[in-house]
Amino acid sequence: MQGYAAIRGIGVDSVIVRFLGTHNAESRNTRLVSFLIDDTLAVDAGCLASELSFSEQEKIKAILLSHGHYDHIRGIPAFAFNNSHQATRVFGTQQTLEILCSHLIDGLIYPKFTDRTSFLGKPALELRTLEPFKPEDVEGYRVLAIPVNHSIDTVGLEISSGDGKSIFYTGDTGPGLLSLWEHVSPHLLIADVTFPNRFGSVAKDAKHLCPEMLKVELMEFRRVKGYLPQVVLIHLSPKFEEEIRGEAQDVARELGLSISVACEGDKLII
Ligand SMILES: [Zn+2]
Ligand SMILES: [Zn+2]
């Protein structure tokens with residue numbers, strides 16, 4: 001962190017977000033959703049092992065999961081396999097952790113990395129249940145999980161640093177975020193925008209957002225909070241990326257704020 005800070009000439013209290021995967025579909029050029037906070041905290045695990053060197057993986061102390069869909073947990077078994085010499089804590093709701101244990105680290109397709117017998121008598125993964133609205137201290141960050149509107153149990157995650165820098169990641173969500181805005185005060189909002197506006201009804205059914213829906217959510221945010229955060233879009237469908245970018249810029253102009261689209265490899269400092 002100090003290294004980046006020195007390069008950019010910013011204070012060491014800044015939080016660095018590094019995007020590893022920013023799409024909902026995997027290909028040579030696109031990865032499933034995952035990002036790092038200050039290189040030590042991973043948020044979702046769509047591509048956690050494949051986008052990091054072994055030494056970068058070793059620095060990760062904890063993983064926060066928004067929900068149990070494959071595109072958000074896919075990287076966990078490979079990560080645990082590579083890092084079975086050290087314990088990594090994995091935070092998720094009860095349903096998310098159950099999905100992880102029954103479908104990926106189930107003792108059949110991958111070892112049960114949560115068992116004490118997995119390596120040197122220690123578990124590689126220590127599971128911790130996230131209770132909605134109950135703040136957790138995770139490696140010095142305050143983490144608050146808040147349910148959002150998706151097809152299985154999903155939480156948005158507010159991650160706040162010790163000096164008060166705050167990020168809210170929506171996880172996968174459809175419209176209807178109004179009731180959660182009173183609980184969070186992010187400097188940076190990382191929001192699911194999967195589809196362009198012409199697929200608004202598909203987005204609604206699949207419980208994702210399109211730019212026009214995000215605009216409504218942001219207008220509610222401004223009404224409740226009295227300000228607008230910096231916004232970064234994630235979980236884009238690669239097929240519609242250019243269309244979404246254009247529509248997001250329309251929203252940014254209309255509301256007078258900064259909206260950018262996260263790309264694999266991007267680093268953001270707040
Ligand atoms: Zn999902
Ligand atoms: Zn997803």
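Keep in mind that the numbers below use all heavy atoms, side chains included, and drop hydrogens, waters and symmetry copies. In each ligand, atom 1 is the first atom listed, and ligand 1 is the first ligand listed. Residue indices begin at 1 and follow the sequence shown.
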Atom of Asp71 closest to the Zn ion (ligand 2), considering N, O or S atoms: OD2
Residues Arg245, Glu243; criterion salt bridge (charged side-chain N to carboxylate O under 4.0 Å, His left out); working and verdict: CA-CA 5 Å; Arg245 278 177 187 277; Glu243 204 173 344; over 6 Å; no
The Zn ion (ligand 2) contact by His72, N, O or S atom under 2.8 Å: yes
Carboxylate-amine/guanidinium contact Arg74 Glu26, below 4.0 Å: yes
Residue among Thr93, Thr96, Asp172, Thr173 satisfying side-chain hydrogen bond (donor to acceptor under 3.5 Å, both in side chains) with His67: Asp172
N, O or S atom of Asp172 closer to the Zn ion (ligand 1) than 2.8 Å: yes
Any N, O or S atom of His150 closer than 2.8 Å to the Zn ion (ligand 1): yes
The Zn ion (ligand 1) to His69: nearest N/O/S atom name: ND1
Contact check: His67 to the Zn ion (ligand 1), N/O/S below 2.8 Å: yes
Parallel, tilted or perpendicular: ring planes of Phe221 versus Tyr227, cut at 30 and 60 degrees: perpendicular
Ring pair (Phe, Tyr, Trp, His ring centres under 6.0 Å) assessment of His72 paired with His150: CA-CA 13 Å; His72 298 255; His150 197 43; 7.5 Å; no
